[in-house]
Amino acid sequence: MKKQNKLMLVKKAVMGFLPFYLFTLLPLTASAREDAISSPDGKLVVTVSDDGPCATYTVKYDGQQMLLPSPLGFKADFGDFTNSLKIKNTKTSHVDRTYEMRQVKQSKMHYVAELLTVDFENAKGQQMSVEFSVSNNDVAFRYHIPRQKNDNPKSAVILNETTAFSLPDGTTTFLTPQSKAMVGWERTKPSYEEVYTADAPMTARSQYGEGYTFPCLFRLTPSPSLSREGSGQTQGQKLSTPLPHREGLGESLWLLISETGVDSHYCGSHLSDYPYTIAFPMAGENNGFGSTTAAIALPAKTPWRTITVGTSLAPIVETTIAYDVVEPRYSVAQTSALKPSYGRYTWSWLIWQDNSINYDDQVKFIDLASEMGYEFCLVDNWWDQNIGRERMAELSKYAQSKGVSLMLWYNSNGAENDAPQTPRDCLNTSIAREREMAWLQSIGVKGIKVDFFGGDKQETMKLYEDILFDANRYGIQCIFHGCTLPRGWERMYPNFIASEAVLASENVYFDEGAARRQAFDLTMHPFCRNAVATMDWGGVIMNKYMSKDNKSRHTRKTTDAFEIASAFTNQTAIQCIAMQPNNLQELPQAELDFLKTIPTTWDETRFIDGYPGKYVVLARRHEDQWYVAGLNALKEPLTLTLDLDDFDVTKQFNDKTDKKGIVTGIAISDLKLKKGKAKITMQPNGGFVAF
């Protein structure tokens, strides 16, 4: 790039992100420095520069500009690292490691990356470094903050970051807004439960003016030099009838931004409104308690910011970067002894609601789990009042006699919000947790679902970590609801299973509008929310109506095949199959038989086809068995020609229609392959599973 063009890019990025700087464009000086690191395959290149009023980095993939020069830096209580930074030294190294996990999209991980550490000095001679880890489709970077002269300070407060992400003009977004603090039902927000918008202009303001929660997905338009062949869809897969949204899909680049490695030593972050920078929590979160900043002991390393890129959506869906750059925080001894550790659960509350939290109704859902061969039954809020602790011990003993383990719901409060449900004040202090975890272990409970957290402040991140650590000592697994996005926690805390952090299935019950939007939501999440962390969506819903009698209130808007396929496209190691006792008599035997066999752990995941918010087709392998599942959120039938030669699938589970095209049920049939390819039609709000 010519020197003047490069300087103009830097000026554009800095002026956009840092309007408070008085900026004068100067020619390159002899002291300006630039360093770069490439991925193992050479396609992904990160370049770091100190040329300008602030340090910047750029990202290119396969010759395409993915991020323009974007500022790096932070302001601490002891020094300003947002401007006048100069590169003093760089160091490179190589990482090649393997590890195993059971509760995410892949079981055997192999992470190969090139590392670049860039040492910076500010105008006062203070030091900090930025570490970049670059694998074939992922960039992870974080700040290293040493003690300064005379070995001080030994602690610091990070006041804010200027870490930024400058995307090319014409980029569109797939984002969900950050809520205001202490709003919504019983002042429980933010809880990562807002609506996604697809293909929105990059410059559009977020709904509440507070930016966007991670992960954040972007679609970029490449330069004409990028070949269309193989750049936007899996090779060999074409629609039998082209759709408007497919035109030009081969001319898309994709970029996903998130963060990982957040624990009790830092706050959780989100993305600001355009122009995009790292934003810290709002002052009102956690009922105003706790700082919006991060307090750290020095030397320190901040959480990783991650960027996943690709010329198709495959790297986005298949990425494991959230786990690749973090390490377990404690021994897995207690959790690994759990039997069972993963599986399916029944849940009365989703349809039967609060009135079902009584001994007799819970027996019905334990019996349902036993009949279906499911491992768990979740008992929701108010159990301590409506059932009582003595009878809960009896209920757990009954469940174990039926081959089922209980999971119990808890309120995280404390004083974070006004959510009234009990049990409260059981998990918010170490003394209370010690008593509660010991009791849970004594009656054979295997897991807890903890709800209504207070936001992303460091104080709240400490509460998550404390609950997980204390639960692990007693062999208790954790699911979080009304909560933040997990940030590498499946690897960091081995008894962590999943979080909600999404506008989940309970809203299908509460709101007919959410029921109408369900297909859009579940074809969005494989590309963003579920791409970076496990997601407890909360239910494969088999009732036709959102009511106990299955005859009243509004209907489910998706087909049975869609619901069953969603158990494969949604990823979590303990999956809610939200059947009701009446479903045992109402569902066709073929559906019941298939629902009994659904696995929840995966050895491999592959993206096949799709577009966020429109449709998705994924392949997942459990041991030696492949499943290919698809969902269609479009208003018309969608016919795909899919290359399934790699997956050894011979049958398909699909929607059955009459002559008018109305879905009348499900059909299981042999899968007809021609040269490894199959033509499959998904109905509107429908789906399929090939196995």
Side-chain angles (χ1 to χ4, degrees), residues 1 3 6-7 9-10 13-14 17 26-61 63 65-76 79-97 111-149 158 161-166 260-261 278 298-307 309 321 324-325:
M1 182 184 294
K3 183 185 300 182
K6 177 185 170 184
L7 287 172
L9 281 176
V10 174
V14 173
F17 284 105
L26 298 174
L28 274 172
T29 66
S31 62
R33 182 168 172 178
E34 179 178 282
D35 289 275
I37 190 75
S38 299
S39 59
D41 66 3
K43 291 184 178 181
L44 182 55
V45 180
V46 176
T47 303
V48 184
S49 173
D50 64 5
D51 180 28
C54 64
T56 62
Y57 73 107
T58 61
V59 177
K60 284 187 176 183
Y61 183 74
Q65 193 82 44
M66 306 298 287
L67 285 181
L68 304 173
S70 302
L72 294 164
F74 60 88
K75 185 175 289 187
D80 187 345
F81 297 90
T82 63
N83 63 84
S84 301
L85 294 175
K86 291 300 177 184
I87 297 174
K88 306 303 291 185
N89 187 45
T90 62
K91 180 176 64 177
T92 60
S93 58
H94 177 76
V95 61
D96 186 337
R97 62 172 173 265
Y111 183 61
V112 181
E114 302 300 328
L115 304 183
L116 171 68
T117 301
V118 183
D119 298 330
F120 287 97
E121 185 177 271
N122 67 9
K124 293 184 177 181
Q126 295 170 311
Q127 313 291 320
M128 75 91 168
S129 303
V130 187
E131 177 187 3
F132 290 88
S133 185
V134 182
S135 54
N136 284 348
N137 288 94
D138 298 289
V139 177
F141 66 97
R142 63 181 176 180
Y143 298 107
H144 293 200
I145 309 170
R147 295 177 183 177
Q148 304 296 318
K149 294 179 181 178
I158 307 303
E161 293 188 27
T162 50
T163 310
F165 308 88
S166 180
T260 190
I278 288 292
L298 299 182
K301 297 176 181 179
T302 68
W304 295 92
R305 304 309 193 279
T306 65
I307 303 165
V309 302
I321 190 60
D324 292 333
V325 292

Enquirer: Excluding sequence neighbours, so at least two apart, what forms side chain to side chain donor-acceptor pair (under 3.5 Å) with Tyr57?
Expert: none
Enquirer: Out of curiosity, Thr56 OG1 to Asp51 CG, how far, rounded to the nearest 0.5 Å?
Expert: 7.5 Å
Enquirer: Please enumerate all residues that pass salt bridge (charged side-chain N to carboxylate O under 4.0 Å, His left out) together with Arg305, with sequence neighbours excluded.
Expert: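 For Arg305 the salt bridge (charged side-chain N to carboxylate O under 4.0 Å, His left out) partners, ignoring immediate neighbours, are Glu161, Glu259.
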Enquirer: Using only atom types and a distance under 3.5 Å, with no angle test, would you say the side chain of Ser70 pairs donor to acceptor with the backbone of Ser166?
Expert: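 Looks like yes, one N/O pair under 3.5 Å.
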Enquirer: Of the non-hydrogen atoms in Ser133 and Leu115, which two are nearest, and what is the gap between them?
Expert: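 Scanning both residues completely, I find the closest heavy atoms to be OG-CD2, 3.1 Å.
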Enquirer: Can you tell me how far CD1 of Ile278 sits from OG1 of Thr163, rounded to the nearest 0.5 angstrom?
Expert: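 Interatomic distance, Thr163 OG1 to Ile278 CD1, rounded to 0.5 Å: 5.5 Å.
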Enquirer: Less than 4.5 Å apart, any side-chain heavy atom of Leu85 and any of Asn122?
Expert: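 They are in contact (side-chain heavy atoms under 4.5 Å apart), so the answer is yes.
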Enquirer: As a quick check of understanding, evaluate side chain to side chain contact (heavy atoms under 4.5 Å, CB included) for Leu67 and Val139, giving each step before the final call.
Expert: CA-CA 12 Å; Leu67 285 181; Val139 177; over 6 Å; no
Enquirer: If the condition is side chain to side chain donor-acceptor pair (under 3.5 Å), which residues does Thr117 pass it with, not counting sequence neighbours?
Expert: none
Enquirer: Can you list the residues that meet the side chain to side chain contact (heavy atoms under 4.5 Å, CB included) rule with Thr92, with sequence neighbours excluded?
Expert: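 Residues passing side chain to side chain contact (heavy atoms under 4.5 Å, CB included) with Thr92: Ile37, Leu116.
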Enquirer: Listed by chain and number, what are the side chain to side chain donor-acceptor pair (under 3.5 Å) partners of Glu121, not counting sequence neighbours?
Expert: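 Testing Glu121 for side chain to side chain donor-acceptor pair (under 3.5 Å), a comparison that skips the adjacent residues, returns Gln127.
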Enquirer: Going by the rule side chain to side chain contact (heavy atoms under 4.5 Å, CB included), which residues pair with Asp35 if we only count those two or more places apart in sequence or in a different chain?
Expert: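 Here the qualifying residues are Arg33, Ile87, Thr90.
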Enquirer: Please enumerate all residues that pass ring-ring contact (aromatic ring centres under 6.0 Å, His included) together with Tyr143, with sequence neighbours excluded.
Expert: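 ring-ring contact (aromatic ring centres under 6.0 Å, His included) check on Tyr143 returns Phe74.
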Enquirer: List the residues meeting side chain to side chain donor-acceptor pair (under 3.5 Å) with Asp324, not counting sequence neighbours, and say none if there are none.
Expert: Tyr99, Thr320
Enquirer: Using ring-ring contact (aromatic ring centres under 6.0 Å, His included) as the criterion, list what pairs up with Tyr111, not counting sequence neighbours.
Expert: none
Enquirer: For residues 128-144, pull every pair meeting salt bridge (charged side-chain N to carboxylate O under 4.0 Å, His left out), keeping only residues two or more places apart or in separate chains.
Expert: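 Counting only pairs at least two positions apart or across chains, the salt bridge (charged side-chain N to carboxylate O under 4.0 Å, His left out) contacts touching residues 128-144 are Glu131-Arg142.
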Enquirer: Does Asn83 reach the main-chain N or O of Cys54 with its side chain, forming a donor-acceptor pair under 3.5 Å?
Expert: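 Pair absent, no side-chain N/O of Asn83 close to backbone of Cys54.
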Enquirer: Using every non-hydrogen atom in the two residues, find where Arg97 and Val325 come nearest and quote the distance to one decimal.
Expert: NH2-CA, 3.6 Å
Enquirer: Going from CE on Met128 to NE2 on His144, what distance comes out if it is rounded to the nearest 0.5 angstrom?
Expert: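 If we round to the nearest 0.5 Å, Met128:CE and His144:NE2 are 11.0 Å apart.
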Enquirer: Would you please name every residue forming a side chain to side chain contact (heavy atoms under 4.5 Å, CB included) with Ala36, sequence neighbours left out?
Expert: Val45, Thr47
Enquirer: Suppose we screen for side chain to side chain contact (heavy atoms under 4.5 Å, CB included). Which residues come up paired with Ser39, at least two apart in sequence or across chains?
Expert: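 If we apply the side chain to side chain contact (heavy atoms under 4.5 Å, CB included) test to Ser39, skipping adjacent residues, the hits are Asp41, Leu44, Val134, Asn136.
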